[in-house]
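Notes follow once the structure below has been shown.
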Amino acid sequence: MSKPTPLSGFPELLPAQRFVEQAVTDRLRRTFELHGFASLETRAVEPMDQLLRKGETSKEVYVLHRLQEETGGQGTGMGLHFDLTVPFARYVLENAGRLEFPFRRYQIQRAWRGERPQEGRFREFTQADIDVVARDVLPFHFDVEVARVMAEALSALPLPPMRLRVNNRKLIEGFYRGIGAPDPAVVITIVDKLDKLPAEEVARLLVDDGGLDEAQAKQCLALAEIESTDGSFADRVRDLGVRHELLDTGLEELAAVMRGCESVNGDRFQVVASLSLARGLDYYTGTVFEIYMDGFENLKSVGGGGRYDALASDGKTTYPGVGISFGISRTLVPLLQRGLLGSDRSVPSAVLVALADEESRPDSDAIAQRLRARGIATEVAANPQKFGKQIRYAERRGIPFVWFPGAGDGTDQVKDIRSGDQVDADPGTWSPPDEDRTPRIVVTTENEEQQ
RNA sequence: GUGGGCGUAGCUCAGCUGGUAGAGCGCCUGGUUGUGGUCCAGGAGGUCGCGGGUUCAAGCCCCGUCGUUCACCCCA
């Protein structure tokens with residue numbers, strides 16, 4: 001069999017990289033749970049009609065069918081989910097009678113999209129979502145809470161600083177109605193292209209496709225330009241002189257989110273009111289979020305979310321929600337591939353017990369067991385090679401300590417192969433420094449890389 | 001789906017106007033006979049993505065194909 005080539009869009013990590021990914025998900029999980037979010041996993045597949053509803057028609061869903069199905073058959077009618085929000089909404093409806101509301105959950109899981117892969121964009125990827133869902137009414141303070149929890153979670157990760165851009169659908173829709181736009185939804189999708197097209201181009205689209213006149217288009221761009229890290233955006237919006245009830249509501253909500261997030265601002269995280277933000281998905285009804293990673297603006301948003309008041313509804317009861325998701329693969333894989341993030345070991349082992357000869361393997365095994373019993377990850381050398389080879393075996397894998405049974409007059413010795421220090425040691429009492437118990441994440445900044 | 005770039009050793013890549021396949025790193029052995037990293041000497045490893053064409057001769061030119069990558073689209 002010839003060497004298989006990688007499948008584009010289906011990233012697979014090396015052990016040292018996988019350790020980083022696991023460490024990141026562990027930390028996310030810890031933060032989410034500290035805030036009382038329960039873990040949830042939903043099945044990988046959903047019925048196609050679930051996946052394709054709610055303005056998701058453009059999604060490139062991977063459809064399931066059985067290999068031996070009659071040709072021309074209708075398939076199974078199931079597809080792989082492409083995000084975690086839609087399956088969650090379905091799950092809430094299905095289990096509404098057994099859940100306590102407001103229900104908060106986190107979900108760290110894979111999703112699939114059949115789109116063309118690019119850096120940070122994959123066909124199979126992992127994301128971390130938090131959502132809060134209530135029955136009938138979801139108090140607004142949850143909009144603030146999900147933002148704060150995600151901010152806290154991301155600040156704790158060994159990643160570049162993040163920026164959370166926030167806007168409010170009511171605000172911009174109210175504004176567009178206030179200036180007399182015939183179809184606010186169209187205006188939203190056009191304004192959303194501002195980060196890709198020059199302003200003049202967007203202005204022309206607003207006139208040609210949005211049905212606005214020049215003055216209205218100018219107003220829209222003026223609104224989109226507004227950005228602030230505090231509540232000052234509100235005055236600048238009001239200065240534009242547009243009046244609409246929905247606009248006022250949106251301004252109040254966005255101001256509330258900004259106020260609520262003040263304390264999470266810092267070196268590692270910044271919350272920005274950004275009035276150009278719209279998001280393509282049409283199920284968002286109020287607050288919308290997008291996350292950006294400093295220095296990686298080319299990846300576009302690495303997370304996003306918002307409030308969806310009507311995504312989950314069984315006809316009688318609606319379950320409004322608000323949530324935010326973070327792209328684990330999207331952020332981690334580019335950093336890992338560029339070598340900006342890694343770990344100092346490819347194995348969990350902190351200690352390699354050397355093997356003098358095959359006959360003494362039980363002795364080495366016994367030492368390893370005593371270390372493991374005290375929580376020290378330990379492996380025994382694969383072969384009784386010359387000790388130089390065994391040290392090199394450890395060195396290649398990043399294992400910091402090599403244990404020599406009966407090295408000094410029958411006393412065991414342990415060597416820190418980084419410093420070369422070798423000391424007498426007892427497997428019943430010796431411990432590595434805490435920082436050596438598990439692999440460590442190694443962060444290289446872009447600047448260091450260039451030097 | 002549309003358009004461009006790129007497929008040569010495990011990895012990163014070089015290979016001139018077409019003339020018998022190269023480097024660095026890594027790997028293996030020895031120097032160093034239970035203590036690695038440095039150094040020295042030696043060694044293994046290639047259907048040049050695949051198929052066809054042009055030519056005395058193709059890694060190089062042409063066509064096709066597959067893979068990969070970037071952009072559009074869309075988004076985590």
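Every chain is numbered from 1, with letters handed out A, B, ... down the list of sequences. Here the structure is a predicted model, which is why all the values come from computation and not from measurement.
- Base contact: A:K415 has a heavy atom under 4.0 Å from a base atom.
- Protein atom CG of A:L14 is 18 Å distant from nucleotide atom P of B:G26, rounded to whole Å.
- Residue-level contact check: A:Q118 touches the bases, meaning some heavy atom is under 4.0 Å from a base atom.
- Contact annotation for A:L7: backbone-only contact, meaning every heavy-atom pair under 4.0 Å involves sugar-phosphate atoms and none involves a base.
- Side-chain N/O atoms of A:R116 and base N/O atoms of B:U2 include a donor-acceptor pair closer than 3.5 Å.
- Counting any heavy atom pair closer than 4.0 Å across all strands shown, A:R392 reaches sugar-phosphate atoms only and no base atom.
- Residue contacts for A:Y393: at a heavy-atom cut-off of 4.0 Å it reaches no nucleic acid atom on any strand shown.
- Both thresholds, 5.5 Å between centres and 30° between ring planes, are not jointly met by A:F326 relative to the base of B:A76, so the two rings are not stacked.
- Among the atoms of the strands shown, none is found under 4.0 Å from any heavy atom of A:R110.
- Remark: the A:R396 side chain and the B:C27 base include no donor-acceptor N/O pair separated by less than 3.5 Å.
- Side-chain contact check for A:N167 and A:Y284: no donor-acceptor pair (N or O, by modelled atom type) lies under 3.5 Å.
- Between the side chain of A:Q390 and the base of B:U35 there is no donor-acceptor pair of N/O atoms closer than 3.5 Å.
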